[in-house]
Amino acid sequence: MQKITRYFFPGLLTAATVVCGFFWLKEEVTSQIYRQKLETLAIEYADLAEQYNHAVRQSAVTELEVTDDSVTVLVRTIDGSIRRIDTSFNPQKEIFIDYIVGNGRIWIRRLFDQSTPPEAGLVIDPIWEKVDWKDAELKYGKVIYRSLEPGIWSIQVSGNGSLSLEPSTGSHPDELAFAPTIRSYEEIQLSLDQEVKSISWRDICDYCTSALN
């Protein structure tokens, strides 16, 4: 019995030490993974904040000057001047503004009211009267519409191409932007669970080797 005890307990103690050492090292490796991820997260967060600021930044691409019986389009031309375009559309009805997304920019195409079919709408830029959808640079169209009260209405586009149509107070035509740039934004994801669950003896050995070096 003494012989069994003499070999059993040291062996048990060694096994317990190995197990405790494994769990301690696993905690160290887990902490290292979290530290590395937090450093990565800080960099990605700064990038995400910059992307967000670009995405939500609004540019006034077009303005509508609305009275009780008229709708006039204010749009910036390529040379930077403001062009006034009178329309025959009824401001008492919903007004539609049609845009083309292509070449990484958004371009105003035409304007019409709810009683007018799109093909009979007023084409703002003749280049977009006929759209070649086979052109790889042209992505899709966007339409924004609503009923309008008299005043100046600003059609705005955010950095990711979202449109809004809002009353503009104290608007200045020289603030209009010609064909604002739009961008796509990728979602930043952070995953820790899978890496922590998959910690192996090799990871622990690599940690010990790097710690010794």
Nearest 0.5 Å, please: how far is [atom2] in [Y] from [atom1] in [X]?
{"X": "Ile100", "Y": "Ile124", "atom1": "CD1", "atom2": "CD1", "answer": "13.0 Å"}
{"X": "Ser147", "Y": "Lys93", "atom1": "OG", "atom2": "NZ", "answer": "12.0 Å"}
{"X": "Ile155", "Y": "Ser59", "atom1": "CD1", "atom2": "OG", "answer": "13.0 Å"}
{"X": "Arg84", "Y": "Leu74", "atom1": "CZ", "atom2": "CG", "answer": "5.5 Å"}
{"X": "Tyr99", "Y": "Ile182", "atom1": "OH", "atom2": "CD1", "answer": "12.5 Å"}
{"X": "Ser168", "Y": "Glu65", "atom1": "OG", "atom2": "CD", "answer": "11.5 Å"}

Option among Leu64, Ile85, Val61 that satisfies the side chain to side chain contact (heavy atoms under 4.5 Å, CB included) test with Val75
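By the side chain to side chain contact (heavy atoms under 4.5 Å, CB included) criterion, Val75 pairs with just one of Leu64, Ile85, Val61: Ile85.
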
So does [Y] get a backbone contact from the side chain of [X], meaning a donor-acceptor N/O pair under 3.5 Å?
{"X": "Asp113", "Y": "Asn90", "value": "yes"}
{"X": "Trp107", "Y": "Asn103", "value": "no"}
{"X": "Gln114", "Y": "Glu94", "value": "yes"}
{"X": "Arg105", "Y": "Ala179", "value": "yes"}
{"X": "Thr87", "Y": "Val71", "value": "yes"}
{"X": "Ser158", "Y": "Ser162", "value": "yes"}
{"X": "Gln92", "Y": "Asp68", "value": "yes"}

Are [X] and [Y] grouped together when hydrophobic residues (ILVMFWY) are joined by side-chain heavy atoms under 4.5 angstrom apart?
{"X": "Val101", "Y": "Val123", "result": "no"}
{"X": "Leu122", "Y": "Val143", "result": "yes"}
{"X": "Leu111", "Y": "Ile144", "result": "yes"}
{"X": "Ile97", "Y": "Val73", "result": "yes"}
{"X": "Ile127", "Y": "Leu138", "result": "yes"}

Keeping to residues at least two apart or across chains, list the side chain to side chain donor-acceptor pair (under 3.5 Å) pairs with something in residues 126-142.
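For residues 126-142, and leaving out neighbouring residues, there are no side chain to side chain donor-acceptor pair (under 3.5 Å) pairs at all.
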
Atom CD of Glu119 with >12 non-hydrogen neighbours under 6.0 angstrom:
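Yes, CD of Glu119 has more than 12 neighbouring heavy atoms, counting only those of other groups under 6.0 Å.
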
Please check if atom CZ in Phe96 has more than 12 non-hydrogen atoms from other residues, nucleotides or ligands closer than 6.0 Å.
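Counting other residues, nucleotides and ligands, CZ of Phe96 exceeds 12 neighbours.
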
Is there side-chain contact between [X] and [Y], with heavy atoms separated by less than 4.5 Å?
{"X": "Pro91", "Y": "Leu148", "answer": "no"}
{"X": "Arg110", "Y": "Pro118", "answer": "yes"}
{"X": "Gln156", "Y": "Leu165", "answer": "no"}
{"X": "Phe89", "Y": "Thr116", "answer": "yes"}
{"X": "Ser154", "Y": "Glu166", "answer": "no"}

What's the shortest heavy-atom distance between Pro180 and Val157, and which atoms?
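The pair with the smallest heavy-atom distance is CG-CG1, 3.3 Å.
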
Could you tell me which non-hydrogen atom of Phe112 sits nearest to which non-hydrogen atom of Gly121, and how far apart they are?
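Heavy atoms of Phe112 and Gly121 come nearest at CB-CA, 3.8 Å.
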
